[in-house]
Protein chains: 2
Amino acid sequence: MLYADFMSTALPPLPPHDERAAGPDLLQLGATEDEPCLRADAARNRAKLLDAAARLIAEHGADGVTMEAVAAAAQVGKGTVFRRFGDRTGLLTALLDHSERKFQAAFLGGPPPLGPGAPPVERLHAFGRALLRRTVEELDLQLAAEPSPDRRFSVPARRVLHGHIALLLRQAVPEADCELLAHTLMAQLNPALVHHLVRQCQMPVERLEANWTDLVARVTKTR
Amino acid sequence: MLYADFMSTALPPLPPHDERAAGPDLLQLGATEDEPCLRADAARNRAKLLDAAARLIAEHGADGVTMEAVAAAAQVGKGTVFRRFGDRTGLLTALLDHSERKFQAAFLGGPPPLGPGAPPVERLHAFGRALLRRTVEELDLQLAAEPSPDRRFSVPARRVLHGHIALLLRQAVPEADCELLAHTLMAQLNPALVHHLVRQCQMPVERLEANWTDLVARVTKTR
DNA sequence: AAATTAAACGGACCTCGGTCCGGATCGTAA
DNA sequence: TTACGATCCGGACCGAGGTCCGTTTAATTT
């Protein structure tokens, strides 16, 4: 089987924005960088907007990224921002897209132990370490880009990660409810939690990694 | 040890609103129903506001609970609402307070297996079932009351639940990182996740309960 | 009872996310 | 090259959360 069924669960269809549309719902890994078929001006503005947003975030942090400010910085109307990215979350998500794709490529086709080739439990360990590190790296953006509660688990990127974990779990502990166990593991990497533990509680990342390792071990232990 | 150290971890102090102030940070279980020392008019308005909010929520769902609407329905100025509850989340949280206290009382001092007297693992099982059921019951409100990412894990109610799980875990698996494991278990009961699984994926609650049971078993198994 | 003061009140005001629609622009077909 | 339709643009507009501050009112002191 391939990754075609990650998205198969029936869900209330989201309104078709330009971003996150995802077409026939395979991976979002098709085009490496360019979007489907944007009109020239649209594409130009999109680039300008992403650029402006990145600049703003670098200067004033994630909170400084006002939709109006982004529009102004990109010398573009406010409506254009929303037309292109749907909402604030969409814009911020788009900013994360690059690293997202890189990460997906790494665990889908990269070298072991993250990529295929290593035994599933090994891959799980590597996956947690890698994703945890990435989350910490771009924590502010991740926090700011958090979708509203009722979309949070339906976002394509999230489903891909979840699906991947579930797949590995199925190989390691077929008798378990891997679908749900995957959610359990994902929760460990939740940006809000990481923020709380690392920033607010000053917990070293190593402890989170250790806990991931331990949890994977406990969960994949067949009884 | 008692529950006095659940709140002991150093955290950036939240601005002192009337609600969630929590004073010297024991449990929020002190006064059963009345607030510290509100002026007569303030107390009256508080009651009117909560009443109005509950009415609005019953009529128009959680989305219909506009701060302005609540103020109007309570025949009170908008500023009063914010003075009393800090922000929207505060108001919604206050609405949940009653069942929260009931639940706390149940696992802190109620009959086993939820309350003290049963072996820790038993109590964990009961805890999950009970909290899961409560979450499903008031799901809409729970979703609407979700705090912003950087407060989510610092909210008193949440810390109490987390602390309780951690305590039980410490009794069952002293060698584990119970602090973090408690977060893992809590994640299972996250309203957003429950919403996703039960509402959007139509998953029966029994499956969530089964998964909780299974997870507790896996996690508390000493190696 | 009058004075005093800390607390509460209320609503004008601000910001920001999100919508809308008349007008400008791009790609295409003739 | 021109004409046409689909797409896009832009900024006025709206609603809701949150702030501010002059005014009112409840408790306390004299």
Side-chain angles (χ1 to χ4, degrees), chain A residues 14-21 35-50 52-53 56-57 60-95 144-149 151, chain B residues 14-21 35-50 52-53 56-57 60-94 144-148 151:
Chain A
L14 308 177
H17 281 132
D18 289 349
E19 307 291 314
R20 74 152 137 275
E35 291 304 310
C37 47
L38 282 186
R39 232 169 68 171
D41 51 352
R44 187 168 7 105
N45 282 336
R46 185 182 131 84
K48 283 206 291 183
L49 283 168
L50 284 177
L56 280 183
I57 230 178
H60 311 115
D63 299 336
V65 183
T66 286
M67 296 307 260
E68 221 148 11
V70 174
Q75 294 182 311
V76 142
K78 192 177 171 185
T80 304
V81 192
F82 285 94
R83 156 174 301 275
R84 193 54 48 206
F85 297 102
D87 58 10
R88 197 182 127 95
T89 294
L91 172 61
L92 268 0
T93 302
L95 281 179
E146 175 177 285
S148 75
R151 298 205 176 154
Chain B
L14 306 179
H17 280 132
D18 288 350
E19 307 291 314
R20 72 151 138 276
E35 291 305 310
C37 48
L38 280 187
R39 233 170 66 171
D41 52 352
R44 186 166 8 105
N45 282 336
R46 180 179 194 280
K48 282 207 290 182
L49 283 167
L50 284 178
L56 280 183
I57 230 178
H60 310 114
D63 299 336
V65 184
T66 287
M67 296 306 262
E68 219 148 12
V70 174
Q75 294 182 310
V76 142
K78 193 177 170 184
T80 303
V81 192
F82 284 94
R83 155 173 305 274
R84 194 54 47 208
F85 299 101
D87 58 10
R88 197 181 126 94
T89 294
L91 173 60
L92 268 0
T93 302
E146 174 176 285
S148 74
R151 299 210 174 148

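Predicted, not measured: the structure shown is a model, and the values here were computed from it. We name chains A, B, ... by the order of the sequence lines, and we start the count at 1 in each one.
- The shortest distance between the side-chain N/O atoms of A/Thr80 and the OP1/OP2 oxygens of D/dC8 is not below 4.0 Å.
- In this structure, CG of A/Asp63 is placed 14 Å from C1' of C/dG17, rounded to the nearest angstrom.
- Rounded to a whole Å, the CE atom of A/Met67 is 15 Å from the C1' atom of D/dG10.
- The side chain of A/Arg83 places an N or O atom within less than 4.0 Å of a non-bridging phosphate oxygen (OP1 or OP2) of D/dC8.
- One N or O on the side chain of B/Arg88 and one on the backbone of B/Val65 form a donor-acceptor pair closer than 3.5 Å.
- Taking all atoms of both residues into account, the shortest heavy-atom contact from A/Ala145 to A/Leu92 is CB-CB, 3.6 Å.
- If you measure from atom CZ of A/Arg84 to atom C1' of D/dG10, you get 14 Å, rounded to the nearest angstrom.
- At whole-Å resolution of the value, CD in A/Glu68 and P in D/dC14 are 15 Å apart.
- Put simply, A/Asn45 has no side-chain N or O that comes within less than 4.0 Å of OP1 or OP2 on D/dC8.
- Rounded to whole Å, atom P of D/dA16 lies 12 Å from atom CZ of B/Phe82.
- Along DNA chain C, the nucleotide closest to B/Val76 and the one closest to A/Lys78 are compared, and the more 5′ of them pairs with B/Val76.
- In this structure, the separation between CZ on B/Arg39 and CZ on B/Arg44 is 10.0 Å, given to the nearest 0.5 Å.
- A distance of 14.0 Å separates CZ in A/Arg46 from CG in A/Asp41, rounded to the nearest 0.5 Å.
- The 5' end of DNA chain D is approached more closely, in terms of each residue's nearest nucleotide, by B/Thr66 than by the other of B/Thr66 and B/Asp41.
- Side-chain to base pairing of B/Arg39 with C/dA7: one donor and one acceptor N or O lie within less than 3.5 Å of each other.
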